[in-house]
Amino acid sequence: MLIYNSLTRTKEEFKPNDGKTVKIYACGPTPYDYSHLGHARVYIIWDVIQRYLRLIKGYDVIYVRNITDVEDKIINRAKAEHTTPEMVARRFTYEFWRDMESLNIERPHSEPRASEYIGEMIEFIKGLIANGHAYVVDGDVYFQVASLPQYGQLTKQKLEDMMVGAREQVVAQSELEKRKKHPADFALWKGYEASADSGKYQGFGEDIRWQYGWESPWGRGRPGWHIECSAMVKSLLGETIDLHGGGEDLLFPHHENELAQSTALHNKPLARFWVHNGFIQVNSEKMSKSLGNFNTIRALLEQYSADEIRLFILQTHYRNPIDFTPESLQASKTALQRLVRAVECLRYKNPDKKDLPAQPSQELIPQTPLACYNNFHNEFRRAAMDDDFNTAKAVACLFKLADKIMETPEIEEKQKAAKVLVDYAGVLGLTLADERQKVPADTSKKLIDLLLQLRSEAKEKKDYKTSDMIRAALTQYGISVMDTKEGSIWEVDLATDQSAATPVKK
RNA sequence: GGCGGCAUAGCCAAGUGGUAAGGCAGAGGUCUGCAAAACCUCCAUUCCCCAGUUCAAAUCUGGGUGCCGCCUCCA
């Protein structure tokens, strides 16, 4: 199969390094706020990559996704809320997990937190100082960019060219830059005392940055942004992994610097393939916190199901930008119904079972020579997913199969094909669960009121047979109906309710 | 200033040398007490513009126009 490699900027034939185990490291969230649709896209994409390599390609996959819980934005939020960085990170890590669960994103095998790997980072930095790629200035440690001839290889930038931008944007920014030997040198370790803006954190009682620091050979401080990934990759997966990636914004400086650190220490490539996804845009501008044009996953889930959001995202190739509009999401919602209806026939045989299985079957390779999906398997894999995870094409395959299912009159054939559809949709993380009869919570109240209105109309017509039938039915459902002078009132029958519940006290 | 991406029907979006996937919307039909849903059929002679290469270009080359991203926290 082919995967586009950001490092070479071409699609390359992919095989795991050892032939069967794929080591994946995807850059995870910084938990300082709720996640938005852009985050959803990255993790949905990696979820699909991971599922495809495991379920269809049959590789053993080790999937690691970190949590950056040591970061300035967390510290700033903690300061604003008069709490601790740990509390902020923990809270939003939980919120992140909830969102991931809601989107039917499978858990990675490991989710290392930066704060758990400070020791490994310090060792890593010590190695870089020892072999001359890093230098210490007053408790700070910087990576010396000029010491690595291939620096800039990932983003194809020359050091001289970077200085032009650096001159305008970076150098003037702070006194701190005077410490660096080159403007592009980046911090491996930020010393507390040396921190140029540490002063502004005083006056809040205890200095949060001081609390949130670790002892190191260079004094108290905290790690720079990029070192965590290098150290955790090394610790959990080894010196060279198969796939590494994240959002395209991470290419520079984050991944360039990770690559530099790891190359400088190991003299080996950090990752064989670098995979980066495009952004979600709003009105052709990127969706971001700073522009304030983002939609949280939490908010979107109130109106759209996980399947709908996933379909929306997977209908575009992962490297292209997606322009988000409410209409485009609505289009995916409508489209999904076609797939759901196509697999409705699976319920024909067992009418008692109202829902499809939550987990798709693992038997993914059908041997039945049914005409309706003869080429489906091949098309989905070879033409679509094997070509740089072309989920847009894969989704089109699902729709074509759905049409074939609709056309097929014979029930058993329909069901066989529908099973295939469910299984392959599962590779994309789509459940195809039928939610058409899922009603809002307050609908039952409205329905009871409607029944009581019909009942009172029946009573006025002296149609006591109907009115008694309504009351009897409601009673059977645990609703007590009482007629008063002002009209009928109702309540949930407590006795019925309690009989169903487990007693709390004995 | 450096690096990079995109431009395909009303909208979204695949396709990167062989004659335009798929989705939404729209039109017609079947069904139907009414309504809705569903199902079937149709819907780009053409891929931002100009020039070139080729038997053949949306796809390759050169030029132009427009939009966007990274270089600073960002998925």
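What you see below is based on every heavy atom in this structure, not just the backbone, and it leaves out hydrogens, waters and symmetry mates. Within every chain, numbering begins at 1; the chains are lettered A, B, ... in the order of the sequence lines, protein sequences first and strands thereafter.
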Requested in this report: Give A:Leu37 one of three labels, base, sugar-phosphate or nothing, depending on what nucleic acid heavy atoms sit under 4.0 Å from its own.
Outcome: nothing
**Report entry** Set of residues satisfying side-chain hydrogen bond (donor to acceptor under 3.5 Å, both in side chains) with respect to A:Asn293, sequence neighbours excluded
**Finding:** none
Taking only N/O atoms, report every protein-nucleotides 31-36 of chain B pair under 3.5 Å with atom names and distance.
none

Query raised in the report: Between B:A44 and B:C6, how far is it from one P atom to the other, in whole Å?
Result: 26 Å
Query raised in the report: Taking the same atom, C1', in B:G62 and in B:C24, what whole-Å distance lies between them?
Result: 38 Å
Query raised in the report: Stepwise, does the side chain to side chain contact (heavy atoms under 4.5 Å, CB included) test hold for A:Arg222 with A:Trp214?
Result: CA-CA 6 Å; A:Arg222 60 204 159 84; A:Trp214 289 265; 4.0 Å; yes
Identify each atom pair where a protein N or O and an N or O of nucleotides 59-62 of chain B are less than 3.5 Å apart, giving names and distance.
none

**Report entry** ring pair (Phe, Tyr, Trp, His ring centres under 6.0 Å) partners of A:His36, counting only residues at least two apart
**Finding:** A:His39, A:Phe294
Query raised in the report: Paired with B:G66: which nucleotide, if any, by Watson-Crick or G-U wobble criteria at under 3.5 Å for both distances?
Result: B:C6
Query raised in the report: side-chain hydrogen bond (donor to acceptor under 3.5 Å, both in side chains) with A:Glu95: which residues, sequence neighbours excluded?
Result: A:Arg298
**Report entry** Minimum-distance nucleotide (side-chain atoms of A:Gln157 versus B:G2, B:A75, B:C70)
**Finding:** B:G2
Query - P gap between B:C48 and B:C11, integer Å - result: 13 Å
Requested in this report: State whether the distance check finds a donor on one side and an acceptor on the other, under 3.5 Å, for side chain A:Lys286 versus base B:C68.
Outcome: no
Query raised in the report: Atom NZ of A:Lys156 and atom P of B:C71: how far apart are they, to the nearest Å?
Result: 17 Å
Report task. For A:Asp47, enumerate each residue passing the side-chain hydrogen bond (donor to acceptor under 3.5 Å, both in side chains) test, keeping only those at least two apart in sequence or located in another chain. Result -> A:Gln50, A:Arg51, A:Arg310
Query raised in the report: For A:Leu339 and B:A38, what is the distance between atoms CG and C1' respectively, to the nearest whole Å?
Result: 15 Å
Query raised in the report: On a whole-Å scale, what distance lies between the P atoms belonging to B:U59 and B:C49?
Result: 10 Å
Query raised in the report: Can you list the residues that meet the side-chain hydrogen bond (donor to acceptor under 3.5 Å, both in side chains) rule with A:Asp386, with sequence neighbours excluded?
Result: A:Tyr52, A:Lys57
Report task. Write down the distance between NE2 (A:His226) and C1' (B:C74), rounded to a whole number of angstrom. Result -> 13 Å
Query raised in the report: Can you tell me how far P of B:C40 sits from CD1 of A:Ile405, to the nearest Å?
Result: 12 Å
Report task. Please state the P separation for the pair B:A35 and B:G29 - nearest whole angstrom. Result -> 15 Å
Report task. Determine, answering yes or no, if A:Phe279 is stacked on B:A75 under the 5.5 Å centre rule and the 30° plane rule. Result -> yes
Report summary line: A:Asn277 atom CG is separated from B:C74 atom C1', nearest whole Å, by 13 Å
Query - Nearest-angstrom distance, P atom, B:C68 to B:C73 - result: 23 Å
Query raised in the report: Whole Å only: how far is the CD atom of A:Glu407 from the C1' atom of B:U30?
Result: 15 Å
Query - Beyond-backbone contact of A:Glu12 with A:Leu2, side-chain heavy atoms, under 4.5 angstrom - result: no
Query - Sugar-phosphate, base or nothing in reach of A:Gly247, heavy atoms under 4.0 Å - result: sugar-phosphate
**Report entry** Base versus backbone protein contacts along nucleotides 9-24 of chain B [heavy-atom cut-off under 4.0 Å; B, S, -]
**Finding:** ----SSS-----BSSS
Query raised in the report: Taking the six-membered ring for Trp, is the centroid-to-centroid distance between A:His276 and A:His255 below 6.0 Å?
Result: yes
Query raised in the report: Can you tell me how far P in B:G10 sits from the matching atom in B:C47, rounded to whole Å?
Result: 13 Å
**Report entry** N/O (side chain, A:Arg41) to phosphate O (OP1/OP2, B:A75) under 4.0 Å
**Finding:** no
Query raised in the report: Is A:Leu250 touching bases, backbone alone, or none of the nucleic acid, heavy atoms closer than 4.0 Å?
Result: sugar-phosphate
Query raised in the report: What about A:Trp46 and A:Tyr43, are their ring centers closer than 6.0 Å?
Result: no
Requested in this report: Grab the CD-C1' distance between A:Gln153 and B:G4 for me, whole Å please.
Outcome: 17 Å
Under 3.5 Å, which donor-acceptor pairs link side chains of residues 319-327 of chain A to any protein atom two or more places apart or in another chain?
residue  : atom : partner  : partner atom : Å
A:Arg319 : NE   : A:Asp388 : OD2          : 3.0
A:Arg319 : NH2  : A:Asp388 : OD2          : 2.9
A:Asp323 : OD1  : A:Asn283 : N            : 3.4
A:Asp323 : OD1  : A:Ser284 : N            : 3.1
A:Thr325 : OG1  : A:Ser328 : N            : 3.0
A:Thr325 : OG1  : A:Ser328 : OG           : 3.1

Report summary line: Residues at least two apart in sequence or cross-chain that pass ring pair (Phe, Tyr, Trp, His ring centres under 6.0 Å) with A:Phe143, listed by chain then number, are A:Phe186
Report task. Could you tell me whether A:Arg319 contacts a base, only the sugar-phosphate backbone, or nothing, with contacts defined as non-hydrogen atoms closer than 4.0 Å? Result -> nothing
**Report entry** Rounded interatomic separation in angstrom, taking CZ from A:Phe252 and P from B:C74
**Finding:** 13 Å
Query raised in the report: In chain order, what residues pass the ring pair (Phe, Tyr, Trp, His ring centres under 6.0 Å) check against A:Phe14, with sequence neighbours excluded?
Result: A:Phe273
Query raised in the report: Which nucleotide, in any strand shown, forms a Watson-Crick or G-U wobble pair with B:A51, with both distances under 3.5 Å?
Result: B:U61
Query raised in the report: Base, sugar-phosphate alone, or nothing: which one does A:Gly278 contact when heavy atoms must sit under 4.0 Å apart?
Result: base
Query raised in the report: Taking only residues at least two apart or on different chains, which pairs with a member in residues 381-421 of chain A satisfy ring pair (Phe, Tyr, Trp, His ring centres under 6.0 Å)?
Result: none
Report task. Any chance you could lay out the side chain to side chain contact (heavy atoms under 4.5 Å, CB included) test for A:Trp274 and A:Leu270, step after step, and finish with the verdict? Result -> CA-CA 9 Å; A:Trp274 291 80; A:Leu270 172 57; 3.8 Å; yes
Query raised in the report: Looking only at atom P, what distance separates B:A13 and B:G4, rounded to whole Å?
Result: 24 Å
Query raised in the report: OP1, OP2 of B:C74 versus side-chain N and O of A:Trp225: anything below 4.0 Å?
Result: yes
